[in-house]
Amino acid sequence: MELISPTEFAKDKILAVQEYCLLAGRSVGNIFKRPRYLGDTLQQADLIGVGSLPIVILTGFFTGFVFALQGANTLERFGSLTLIGHLVALSMVRELGPVLTGLMVAGRNASGIASELGSMQVTEQIDAMRALGTDPMKKLVTPRVIATAFMLIFLTIISDFMGLVGGSVVATVLLRLDMAQYWATAWQSLVRDDVIMGLVKPPIFGFIIASVGCYYGLTSRGGTQGVGRATTQAVVSASVLILLTDAVVTRLLMITFAGYK
Amino acid sequence: MPVSAPSPSSIAAVAKSESAIVFQDVSLAFEENQVLDDISFQLEHGETKAIFGVAGAGKSSILKLALGLIKPDAGRIWVLGEEVTALPQEQLFELRRRIGMVFQESALFDSLAVRDNVAFRLIEEGGTSPEEIEARVREVLRFVELEHTMDMLPGELSGGMRRRVAIARAIIARPEILLYDSPTGGLDPVTSTTIVELLVKQRDVYRSSSLLVTHRLQDAFIMASHYFDREANKMRPLPPDSQDKVSMSFLILREGKVIFDGNAHDLAHSRDEYIREYIS
Ligand SMILES: Nc1ncnc2c1ncn2[C@@H]1O[C@H](COP(=O)(O)OP(=O)(O)O)[C@@H](O)[C@H]1O
Ligand SMILES: [Mg+2]
């Protein structure tokens, strides 16, 4: 294996980040430019949104389920088992719903996007598209970014809800609590700030998933092997970026909300 | 200060607009690999220039440079009077609509049916009714004799058929310039001849200018010595006294330099050893 000097390595990485930022910026800039690919955007929304539904429903349900199981233990010790709805609702809506949905969709779609655009890149289909007078940034990247950002909001809401359903199964079937009370505490515990926090994150995560997937796809080199590499890297980078962004956004929103109070 | 004096660059631009393609002192390197080293050539309107060179000589790169898909490290390129090397992205896309390119491996969109591949440019440009698009697609597919493959996916076609679909896709908008990247590469001799016949047909029916990358010298010689007979719908040899009726030239690349640029006669009488070896 060839040894790379640290400065070369750093230069490569900085160039990659710069290139990624350029792509991400242009993908958003194109929203305001013609032609707009409404048909392609809807198709992607269907592919990403509807296609991810089963996995998001399953993840949401079981997360809420085990969260209620684990939480019940602690709550029981303090004699406040009735707060289980509160616990599940807050954690699902503020954190688990957005992050887990983001990670799931990253696994499914960042890879999907990277491999699709990657194979188009290595078979010169991207060049062919440019040669035919069509900008792949507008035709391929922007529709995916818009569709993913938009659909992730809905997927997250569904995931939040399924988490609550999972929690309610534990509360009523295993803990023998009153179902109506569970939903009432869950509902009452949510204030405006929680909902805002829960809904600001998904479009940001969606943007990360699609733009990272497109970046790795469009920059893949070296045949099918290169496409495989791009696919793996897209999932890893998107997941890490989601977790990082989540920490930053959570902190920023907390500061913002604290200012209101 | 003389107000009306045109700037030097605009004088050059006027002069360059006479030719279909102009490369002026173009250099291109990928990291340490110097692919093109200060090359210059011109393609006149109506001319077909065949580009030769060993694998990796930079033939495909020349076509991509002409389309503005990659940028040279030095030098200037004009296509249809526009300076590709100085054009902003948006205008580059406009210019590309007047050029057709056939990629080495066809580069058909594998998720789209043949019909949509061929219609791609018309659909993207907009302003053409679905009926008109359908008619145009049929027309070009008939031109390459593949009308029956309309609804098939590229994966279901043979290599030769894919090349022909790629040609159909490139010519549907009646481009002024065509760039062919090894259209006969990897094909059997019979299929290759069909493709060459198509190129001759395209040249003589639509009078387009073209750059033809190939590794088969005989393809270029056939193109130089044949014309397309529209009545018989067949390619025919030119009578010996009218060989200069078709405008055909040859360009040979070697180690980043143009070592030959001229017509068939000059090529046959070249004294350069490498070239003699190449054409023998
Ligand atoms: N995108 C690229 N990145 C790095 N090297 C490249 C790239 N494209 C082409 N090359 C290199 O440039 C040289 C010329 O390539 P190309 O123009 O495709 O040659 P040809 O078509 O004559 O076989 C080759 O050595 C190739 O490896
Ligand atoms: Mg090549």
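Chain A is the first sequence line, chain B the second, and so forth, proteins listed ahead of strands; every chain is numbered from 1.
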Taking NZ, NE, NH1 and NH2 as the nitrogens, is one of them in B:E124 or A:K138 under 4.0 Å from a carboxylate oxygen of the other? no
Under 4.5 Å to a heavy atom of chain A? For B:E125 that would be neither
Identify which part of B:L108 has an atom lying under 4.5 Å from any heavy atom of chain A, answering side chain, backbone, both or neither. backbone
From A:D127 atom CG to B:L63 atom CG, the distance as rounded to the nearest 0.5 Å: 11.5 Å
Residue from B:E94, B:E105, B:R169, B:M101 scoring the most non-hydrogen pairs under 4.5 Å with chain A is B:R169
In terms of heavy-atom contacts, does OH of B:Y206 have more than 12 from other residues, nucleotides or ligands at under 6.0 Å? yes
Counting only heavy atoms not in A:F161, do more than 12 sit closer than 6.0 Å to its CZ atom? no
Would you say that more than 12 heavy atoms from the other residues, nucleotides or ligands in this model lie under 6.0 Å from the CD of B:E139, or not? yes
Given a strict heavy-atom distance threshold of 4.5 Å, which part of B:F120 is in contact with chain A: side chain, backbone, both, or neither? side chain
Does CZ in A:F207 sit with more than 12 non-hydrogen atoms of other residues, nucleotides or ligands closer than 6.0 Å? yes
Rounded to the nearest 0.5 Å, what separation is found between the CD atom of A:E124 and the CG atom of B:L69? 9.0 Å
Shortest non-hydrogen contact between A:A128 and B:A107, atoms and distance: CB-O, 3.7 Å
Given a strict heavy-atom distance threshold of 4.5 Å, which part of B:R98 is in contact with chain A: side chain, backbone, both, or neither? neither
Go through the atoms of A:T134 and report whether side chain, backbone, both or neither lie under 4.5 Å from a heavy atom of chain B. both
Can you say whether B:I99 sits under 4.5 Å from chain A via the side chain, the backbone, both, or neither, judging by heavy atoms? backbone
CZ of B:R96 to CE of A:M129, rounded to nearest 0.5 Å, is 12.5 Å
Residues, nucleotides or ligands: over 12 heavy atoms within 6.0 Å of A:K11 NZ: no
Answer key: most heavy-atom pairs under 4.5 Å with chain A among B:L92, B:D110, B:L179, B:L67 is B:D110
Could you pull out the closest heavy-atom pair between A:P136 and B:F93, with the gap in Å? CD-CZ, 4.4 Å
